[in-house]
Structure formats: C-alpha cells, structure tokens
Amino acid sequence: MTKSHRERAPATLRDLRIDRTLRPVIDELAAVTLNAPTLRDYAGFFSHLPAIVAMTTRAFQHAQEHERFIALTDGSDPDIFFRHVGQLHAVVRLNSVASIAVALIPARSGADRHARREQGHAMLRRLEEPETNELREVIEITFELGDIDADEVTSDILSYITRLLGTSTESRATVHRLEERDTLLHYLETQPDIGALVQDALHHGEMADCFRKSLRRRDLSPEDRRLTGAAADGATLQQRIALARLALATHLPDCDAALDHVYAAINESPPQVAATLILAISVGDRLRDMAAAHPASG
C-alpha cells in the first residue's frame, strides 16, 4: 500500500506539518536551576547531580533537528525559510545551552566523562577552521579533552555504552521537533529576565560564602558538616548556572554591565569553569548575532 502524504517525511520546509499544541520548553540549564533553595536543597542538588549521559542524548536530538532543518531548506523559497527560521534558532539554542550545561555539571562517572568529551568533540567539529579557531583551546579545556590515559578512555567508553543502554530519561528538560513551531517560538520569546539572573547569581554566591563560613564552626556534627559542605558546593554550582544563563541570554540590553558579573566569576574560577563561562559568552554572542541576522517571524 502506498503511504499517504500525511505519513511521508517532509521533503522541504514547505512540507512540515505544524503541530499547534503549545507545550512547555525547559532547556538543560533551566532544568537544573533551583527555585528559592534551602540548605538541604543545595546539598541535595550537589549530592544527586543529573546524568550527563542523558543530557548529551537530548543535546544530540536537538542537533539532529538542526541538521534536519538544513536538509529541508534545500528547495525552499526564501519566504518559507523566514517563516520557519524561528524553529532553527530554538533548536540551535537548546543544543547550545545543553553543551554549556554538560560542561558545568561535574562528571562523577566514567560514562559522564566520556559523554562530556563527546559533546566537546561535537563542538569542535562545528567550528569554522577548527585548527586555527581561537575557541579551540577554550573548548578543549571546557570539555577536558587534553591527554587522557588510554586505559581510562577505554573504561569510560565501556561505562558510557552500558549507561546509554539503560539511561533514565527522568529530567525536567524537554526535547522538541521542528514541527512544534508555536512551542519553539514561545520558548524564544519567554527567556529569563536578565535582572533576575543577576540577582540569582549574587544570592547563590552569598549563600555559598555563608555556608563556607559555617564550616569553620567547631560545634558542627559530622552530618551537619557534610550537609553544609555539599550545600556550599551546590550554591557555587547554582551561581555558575545563573551566570551561564546570563551569558547565553537572548537579549542583553546593557551587554557590558550584564556580563561584568560573568567576567568577575571567570577571574575567580578554576580553569575548567573559567573556560566554560568564556565559551558561554562566545556562544551567547553567536546566538544573538544569528537571531539578529535572521529574525524569527511570529
């Protein structure tokens, strides 16, 4: 039996069957953002970090949608391209945000270390003139692509394959297809408030300092010391997440003032974290330039 038109895969952007259902879009950084956390929330977050393997799987799905858009553009007229370019912006942003999230979340297993390196290699492949691109070294530091023991690499790959086969999809982060035009455009239009991100970063930093001061107390029980130490690390990670979201923001009304907070953190952070925030600024600039060059139509 011949398949109906409805069942055939679209050949061009013109053939996309748009799904008008409006769904929530939660990117990888939003998914790991805590809302008004307590000490136990911070500690619980740092003690049970999300699986990087699952994050990279979702990132890959959005990268595939990007590639699919490019393939569907062939044969489409300019009006059709501009009618759908918002979906392109959205899936590229979802993939880019995921890349930064993967770099920020500590890798605690061989599977997650390998997944992080794979995400880094994917970013390197997308660079223009990768051998001489100034971001190459930043990406290598961000995703820890330096010299690695061969036995460790082999072990990490085996761990990754095992984890991949049984990866849990439990996460607030969502995955979307080009057909979800209204959903993706709504995501672009409802990005987090810049002032709120700055305040969140400052608050998390203050809480991290407060928890670390508490660790100086001699009367803390072993359990309270463990919780407070995890909370300090969790608050620091939440601060970095807020700063990364700031660097990646769709619109920065006063770019220099907003990014001053990110640069301050870069100067005070370990090399891998500093490189991640530098990369977030660069990726954010690229996303903003792309959106300005080809504005999405509602």
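Just so it is clear, the structure is predicted and the values come from calculations on it, not from any experiment. Heavy-atom basis, side chains included; hydrogens, waters and symmetry copies ignored.
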Original post:
Would you say the side-chain atoms of Thr56 and Gln119 include a donor-acceptor pair closer than 3.5 Å?
Top reply: no

**OP:** Classify the side-chain pair Asp112/Tyr160 by whether it contains a donor and acceptor separated by less than 3.5 Å.
**Re:** no

Subject >> Residues that Tyr42 engages under ring-ring contact (aromatic ring centres under 6.0 Å, His included), provided they are two or more places apart >> reply: His204, Phe211

**OP:** To the nearest 0.5 Å, tell me how far Ser109 OG sits from His114 NE2.
**Re:** 11.5 Å

Original post:
Hey, does the side chain of Asp41 reach the backbone of Thr38 with a donor-acceptor pair shorter than 3.5 angstrom?
Top reply: yes

Original post:
With sequence neighbours left out, what residues match Glu179 under side chain to side chain donor-acceptor pair (under 3.5 Å)?
Top reply: Arg68

Subject >> Any donor-acceptor N or O pair under 3.5 Å, side chains Glu65, His62 >> reply: no

Original post:
In terms of heavy-atom contacts, does CG of Asp219 have more than 12 from other residues, nucleotides or ligands at under 6.0 Å?
Top reply: yes

**OP:** Output yes when a side-chain donor or acceptor of Gln238 lies under 3.5 Å from a complementary backbone atom of Leu34, and no otherwise.
**Re:** yes

**OP:** Please determine, by modelled atom types, if Ser159 and Asp156 share a side-chain donor-acceptor pair under 3.5 angstrom.
**Re:** no

**OP:** For the pair Arg116 (side chain) and Ile105 (backbone), establish whether a donor and an acceptor sit closer than 3.5 Å, ignoring hydrogens and angles.
**Re:** yes

Original post:
When rounded to the nearest 0.5 angstrom, what distance separates CD1 in Ile141 from CG in Leu135?
Top reply: 11.5 Å

Original post:
Among side-chain atoms of Arg113 and Ser155, is any donor-acceptor pair under 3.5 angstrom?
Top reply: no

Subject >> Within 6.0 Å of CD in Glu223, more than 12 heavy atoms from elsewhere >> reply: yes

Subject >> Thr236/Asp233 under side chain to side chain donor-acceptor pair (under 3.5 Å): CA gap, chis, key distance, verdict >> reply: CA-CA 5 Å; Thr236 299; Asp233 290 334; 5.4 Å; no

Subject >> Flag if over 12 foreign heavy atoms under 6.0 Å of NE2, His121 >> reply: yes

